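Numbering starts at 1 and runs along the sequence shown. These figures come from a predicted structure and were not determined experimentally.
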Amino acid sequence: QVQLVESGGGLVQAGDSLRLSCAASISHFIYYAMGWFRQGPGKEREFVGAISWSGNGTSYADFVEGRFTISRDNVKNTVYLQMNSLKPDDTAVYLCAAKWRGAPTARRGYDYWGQGTQVTVSS
C-alpha cells in the first residue's frame, strides 16, 4: 500500500511562512523524485517544484520567485516544502507526488499522489 500524506497547511497572513510535510509510505523512497503541486479554487493543478531522487537537484515554477525551498529526509521518508513570504495568490490545496527516478524538472508522469493540505493566505 502506497500512501502520501501532506500536513502543515493552515491559515496565515501575507508575509508569513509555512512548512509543509509529505510523509511517504512507500518502498524505495530514495529512488523517487518528489514533487509539489497546487490547485487553487477554480484553477487547474500546477507544478510548484520538485527534488530529484538523488536529492542533488531542485526545480521550481517561475511564480515561486525564490521564496520556496524543497528538501527531503530519506531516513524519515519525508519531503518538505518551506514557503516564505507567502502571498494571497499562494492560496491553494498543496499536494505532493512521487515519480520513479524523476528529474527535478519533471512536471508529468508522477506515479503516486497525496490528497493535499489547504494553505490559505489572507491579506
- Task: Taking all heavy atoms of V119 and all of G9, pick out the closest pair and write down the distance.
- Result: CG2-CA, 4.1 Å
- Query: Hey, any chance Y60 and M83 share a hydrophobic cluster, counting ILVMFWY side chains that come within less than 4.5 Å of each other, even indirectly?
  - Reply: yes
- Rounded to the nearest 0.5 Å, how far apart are CD of Q39 and CG of L95? 7.0 Å
- Contacts of K87 meeting side chain to side chain donor-acceptor pair (under 3.5 Å) (sequence neighbours excluded), chain-then-number -> E65
- Gap separating the CG atom of L20 from the OG atom of S7, nearest 0.5 angstrom: 8.0 Å
- Item | Qualifying disulfide bond (SG atoms under 2.5 Å apart) pairs, either residue in residues 44-123, two or more places apart | C22-C96
- Query: Under a 4.5 Å side-chain heavy-atom rule over Ile, Leu, Val, Met, Phe, Trp and Tyr, are I70 and L86 clustered together?
  - Reply: yes
- Item | hydrophobic_cluster_shared for V93 and L4, side chain cutoff 4.5 Å | no
- Note on the structure: Checking W100, F37, Y32, W36 against Y110 for ring pair (Phe, Tyr, Trp, His ring centres under 6.0 Å), the one that qualifies is F37
- May I ask you to test the R38-R45 pair for a side-chain heavy-atom distance under 4.5 Å? no
- Message: Within this structure, what is the CG-OG distance for the pair D89 and S123, rounded to the nearest 0.5 Å?
- Response: 10.5 Å
- Message: Has T91 got a side-chain atom pairing as donor or acceptor with V121's backbone, closer than 3.5 angstrom?
- Response: yes
- Task: Without swapping roles, check the side chain of K99 against the backbone of R108 for a donor-acceptor pair under 3.5 Å.
- Result: yes
- Query: If you measure from OG1 on T117 to CG on L18, what distance do you get to the nearest 0.5 Å?
  - Reply: 8.5 Å
- Please lay out, stage by stage, how S17 and N84 fare under the test side-chain hydrogen bond (donor to acceptor under 3.5 Å, both in side chains). CA-CA 4 Å; S17 297; N84 301 321; 2.9 Å; yes
- Message: Under 4.5 Å between side-chain heavy atoms, counting indirect links through other Ile/Leu/Val/Met/Phe/Trp/Tyr residues: same cluster for Y94 and V64 or not?
- Response: yes
- Task: Decide if atom CD of Q115 counts as having more than 12 heavy atoms of other residues, nucleotides or ligands within a radius under 6.0 Å.
- Result: no
- Query: Do the side chain of R67 and the main chain of S85 share a donor and acceptor less than 3.5 angstrom apart?
  - Reply: yes
- So with a 6.0 Å cut-off around CD of Q13, is the heavy-atom count from everything else above 12? no
- Message: So, taking the atom named CZ in R101 and the one named NE2 in H28, what distance separates them when rounded to the nearest 0.5 Å?
- Response: 10.5 Å
- Query: Can you tell me if T105 uses its side chain to pair, donor with acceptor, with the backbone of A103 under 3.5 Å?
  - Reply: no
- Closest non-hydrogen atoms of A23 and T78, given as atom of the first, atom of the second and distance, are CA-OG1, 4.1 Å
- Query: Taking only residues at least two apart or on different chains, which pairs with a member in residues 63-87 satisfy ring-ring contact (aromatic ring centres under 6.0 Å, His included)?
  - Reply: none
- Message: Against the six-membered ring of W53, is R72 placed for a cation-pi contact (under 6.0 Å from the centre, within 45° of the normal)?
- Response: no
- Item | Trace of the side-chain contact (heavy atoms from CB on, under 4.5 Å) decision for S59 with R107 | CA-CA 10 Å; S59 181; R107 265 71 167 173; 3.5 Å; yes
- Atom pair CE/CD1 of M34 and I26 - distance to nearest 0.5 Å: 7.0 Å
- Spell out, yes or no, whether F47 and Y112 are grouped together once hydrophobic residues are joined by side-chain heavy atoms under 4.5 Å, including indirect joins. no
